Protein chains: 2
Amino acid sequence: MNQELLDKNEREFLSEYDVNIYDRPSVTNDIIIFTTGDRIEENSRKVPKKGMQILLIKRDDYPYKGKWAIPGGFVKNDESLEDGALRKLKEETGIDNVYTEQLYTFGEVDRDPRTRVISIGNIALISKEDIRFGDYKDRKESKWFWVEKNLIDSKKNETNTINKYILKFESEDEEIKFNYEIIEKIERTIFRKKENSYKTLNESNYELAFDHYKIIDYAVDRIRNKIEYTPIALNLLPRLFTVKELQNVYEAIMGREILNFRRKMEDMIIETDEKIEGKPFRPAKVFKFNENWEHNF
Amino acid sequence: MNQELLDKNEREFLSEYDVNIYDRPSVTNDIIIFTTGDRIEENSRKVPKKGMQILLIKRDDYPYKGKWAIPGGFVKNDESLEDGALRKLKEETGIDNVYTEQLYTFGEVDRDPRTRVISIGNIALISKEDIRFGDYKDRKESKWFWVEKNLIDSKKNETNTINKYILKFESEDEEIKFNYEIIEKIERTIFRKKENSYKTLNESNYELAFDHYKIIDYAVDRIRNKIEYTPIALNLLPRLFTVKELQNVYEAIMGREILNFRRKMEDMIIETDEKIEGKPFRPAKVFKFNENWEHNF
DNA sequence: GCAAAAGTGTTCCGTCTACACCCATGG
DNA sequence: CCATGGGTGTAGACGGAACACTTTTGC
């Protein structure tokens, strides 16, 4: 970048569009860090069910002081969006070299009460085993939250479909719980327009900052959609895993039972020589990702 | 927004993240306007094949003066991203109320030679019949360009797949032509990481401004992927159309022949009473979108 | 023996594929 | 008649859904 020319050109550049040089939005790069954890199983003979978890941070300043938020930070002028997301992830979890993808850019005018802030949402899928919390971790209070999204009602009429969901958050230590109701309205026109409205369901003091419920909701939908035709769910487990563990991950994400799971996965994974023994049932083969797996997409 | 508090709060807000208030990126909202047109058919007995087209604007200032670019403009602080994209679309084509969606946000550090500019890419799918060029249209020179993306080579080895494509641009009046070579490298790891590299193929003076070839390439992939499970392609045609016309749209977008097309579409469209007559072959029924069409997604 | 998971076999059934075939029209 | 598109029929391949069944282990 030619620093000398920057000022003059930049001003021309902006005046070309009738935009005041100082009248720019701020841009944050936010990242939803997903993992899975074992839910406590009352029956000790069973393999524990998995649950989907995200990392949230407690805001220590206004606005939304004390509310929970997705980790993120301002886009730095000398850092690409992807590098910024990876840096943030590293700061929060000590993890490098994992799956991330850009989710969507959220830019409603009033999503931040102070000034115009555009948020570029990202998702990261990590395995808990890889986490090594570093120095940065302690700057702010953070917790893992169980996340569930369940359809509880669906109505159709001639022109549209209305689905009602509950989006549930619960901290790992069970101290914090809050829910959102999501009304999804899909117009069955040629545009297939979808519009969601959100409502906090409980009167607890706990809730998400900003429009982060929208971002998380969007992220859950993206992952649900994407695990059906890509291997991204494997990022949520250690490198080696059993079929049942993988199934539990899929069922946790989808929020429903999946039949014939083993058969559906058989091309995507390869068995190794290892076995899991010492359980009160037949030892399970241990699998890994099949790097020669192909899928038409 | 509380204007009185803004300045003080905004400064605190930004200092929280160690970002200088003036050290912010600029953000543009750019929109790729897609439509389809009839390609001239040497055999007059045939129904003309469709081609995919996009609207490009000739830049009249540095940088990239004289190069072709996607229409777009700065994000205004009092306008949501979607409203901004719709406004831009209206300015360029006079069209309201059409299908748009956010594509991706492009934010490489050096994508603009002057200063940091983040571009939020959008796509719009319109029917040529709806266009009513208004006053804004004449501000800058604009042209419709045929766009084609064709796979010309594919190699696989143990760890990755390398695909080579040509992305072709040609103005409707045949005056301007330029091509890009795209090398797509897909690592077959668990991340399924995809990386593209681009090269201008010809030595003509014509080319795209900035990294707009990346944005257009990404948009073509998105549309190709999405027409397989949504009705968005119908936005590219008038409200009433024949099956063959629709097939030509699909084949133009996909860049390949599609078998049993009528059968694949039969749930998505409904026949009307109208017919197309006067052609040297059997009259075709005219169809419209079936608003009761459902698809599991 | 029993509970639970691991893993296989099998039947049914709908959908996609490839291709053949007939229809309707204007030149 | 013929080229062209409109439109239907069909046999076979393929793959998902449902569910029964066998195996293996620790308690």
Side-chain angles (χ1 to χ4, degrees), chain A residues 38-50 227-229 237 240-252 254 256-288 290 293-297, chain B residues 38-50 227-229 237 240-252 254 256-288 290 293-297:
Chain A
D38 291 339
R39 303 218 85 157
I40 292 129
E41 184 65 64
E42 63 297 333
N43 185 339
S44 66
R45 298 180 69 155
K46 284 195 172 186
V47 173
K49 287 264 180 283
K50 295 277 178 186
I227 60 168
E228 305 223 54
Y229 63 96
L237 283 171
L240 300 174
F241 50 84
T242 67
V243 174
K244 185 69 175 177
E245 283 168 346
L246 185 59
Q247 179 165 8
N248 283 340
V249 168
Y250 268 79
E251 294 187 342
M254 300 305 283
R256 60 178 171 80
E257 198 188 358
I258 301 171
L259 289 172
N260 289 309
F261 185 80
R262 180 176 304 271
R263 231 90 65 132
K264 281 170 185 144
M265 290 298 124
E266 66 191 355
D267 293 336
M268 208 165 83
I269 59 180
I270 301 180
E271 66 180 69
T272 66
D273 295 335
E274 293 183 53
K275 287 195 173 203
I276 299 280
E277 284 167 353
K279 290 282 164 81
F281 43 78
R282 180 169 164 179
K285 285 177 188 159
V286 169
F287 289 78
K288 63 176 181 180
N290 173 11
W293 178 74
E294 303 260 356
H295 198 283
N296 325 327
F297 66 87
Chain B
D38 291 338
R39 304 217 85 158
I40 292 131
E41 184 66 64
E42 63 297 330
N43 185 339
S44 65
R45 298 181 66 157
K46 287 193 172 186
V47 173
K49 287 263 180 285
K50 295 278 180 188
I227 61 168
E228 306 224 54
Y229 62 95
L237 282 171
L240 300 175
F241 49 84
T242 67
V243 174
K244 185 66 174 177
E245 283 168 346
L246 184 59
Q247 180 165 8
N248 283 340
V249 168
Y250 268 79
E251 294 188 342
M254 300 306 281
R256 60 177 170 82
E257 199 189 357
I258 300 170
L259 288 171
N260 290 310
F261 185 81
R262 180 176 304 270
R263 233 89 67 131
K264 280 169 187 145
M265 290 299 125
E266 65 191 358
D267 292 337
M268 209 166 83
I269 59 180
I270 302 180
E271 65 181 67
T272 65
D273 294 335
E274 294 183 51
K275 286 196 172 202
I276 299 279
E277 285 169 352
K279 290 281 162 85
F281 42 79
R282 180 170 166 180
K285 285 177 189 160
V286 170
F287 289 78
K288 63 176 182 179
N290 173 10
W293 178 72
E294 304 259 357
H295 198 284
N296 326 325
F297 65 89

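Computed from a predicted structure; not experimentally measured. Below, chains carry the letters A, B, ... as their sequence lines are ordered, and counting in each starts from 1.
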Exercise. Estimate the overall bend of the helix from dG1(C)-dC27(D) to dG27(C)-dC1(D) from the end axes over five pairs each, rounded to 10 degrees.
Key: 10°
Would you mind reading off the distance between [X] atom [atom1] and [N] atom [atom2], rounded to a whole angstrom?
| X | N | atom1 | atom2 | value |
| --- | --- | --- | --- | --- |
| Glu228(A) | dG16(D) | CD | P | 12 Å |
| Phe281(B) | dT25(C) | CZ | C1' | 9 Å |
| Lys285(A) | dA5(C) | NZ | P | 18 Å |
| Tyr229(A) | dG16(D) | OH | C1' | 20 Å |
| Arg282(B) | dG27(C) | CZ | P | 19 Å |

Quiz prompt | Reported CZ-to-OG1 distance for the pair Phe241(B) and Thr272(B), which is rounded to 0.5 angstrom | solution = 9.0 Å
For [X] and [Y], which heavy atoms make the closest approach, and how far apart are they?
| X | Y | result |
| --- | --- | --- |
| Pro283(A) | Glu277(A) | CB-CG, 3.6 Å |
| Val47(A) | Phe281(A) | CG2-CZ, 3.4 Å |
| Arg45(B) | Pro280(B) | O-CG, 4.1 Å |

Quiz item: Which of residues 259-280 of chain A sit near DNA chain C, with a heavy atom under 4.0 Å from it?
Solution: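 Within residues 259-280 of chain A, the residues near DNA chain C are Arg262(A), Arg263(A), Pro280(A).
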Practice problem: Check whether any side-chain heavy atom of Met254(B) sits under 4.5 Å from a side-chain heavy atom of Glu228(B), and report yes or no. | Solution: yes
Quiz item: Can you check whether Ala284(A)'s main-chain N or O pairs, donor with acceptor, with Lys244(A)'s side chain at less than 3.5 Å?
Solution: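 Absent.
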Practice problem: Tell me, please, which residues at least two apart from Phe261(B) pass side-chain contact (heavy atoms from CB on, under 4.5 Å). | Solution: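 So Phe261(B) forms a side-chain contact (heavy atoms from CB on, under 4.5 Å) with Val243(B), Leu246(B), Gln247(B), Tyr250(B), Ile258(B), Met265(B).
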Out of [options], which has the shortest distance to the side chain of [X]?
| X | options | result |
| --- | --- | --- |
| Lys244(A) | dA5(C), dC23(C), dT25(C) | dA5(C) |
| Lys46(A) | dT25(C), dG26(C), dA4(C) | dA4(C) |
| Arg45(B) | dT25(C), dG26(C), dG7(C) | dG26(C) |
| Pro283(A) | dG7(C), dT25(C), dT24(D) | dT24(D) |

Quiz item: Only one of Ile269(B), Leu237(B), Leu240(B), Thr242(B) forms a side-chain contact (heavy atoms from CB on, under 4.5 Å) with Phe287(B), so which one is it?
Solution: Ile269(B)
Quiz item: Could Asp38(A) and Lys50(A) be called an ion pair, given the rule that one side-chain N must be under 4.0 Å from one carboxylate O?
Solution: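 Here Asp38(A) pairs with Lys50(A) in a salt bridge, since their nearest N and O are under 4.0 Å apart.
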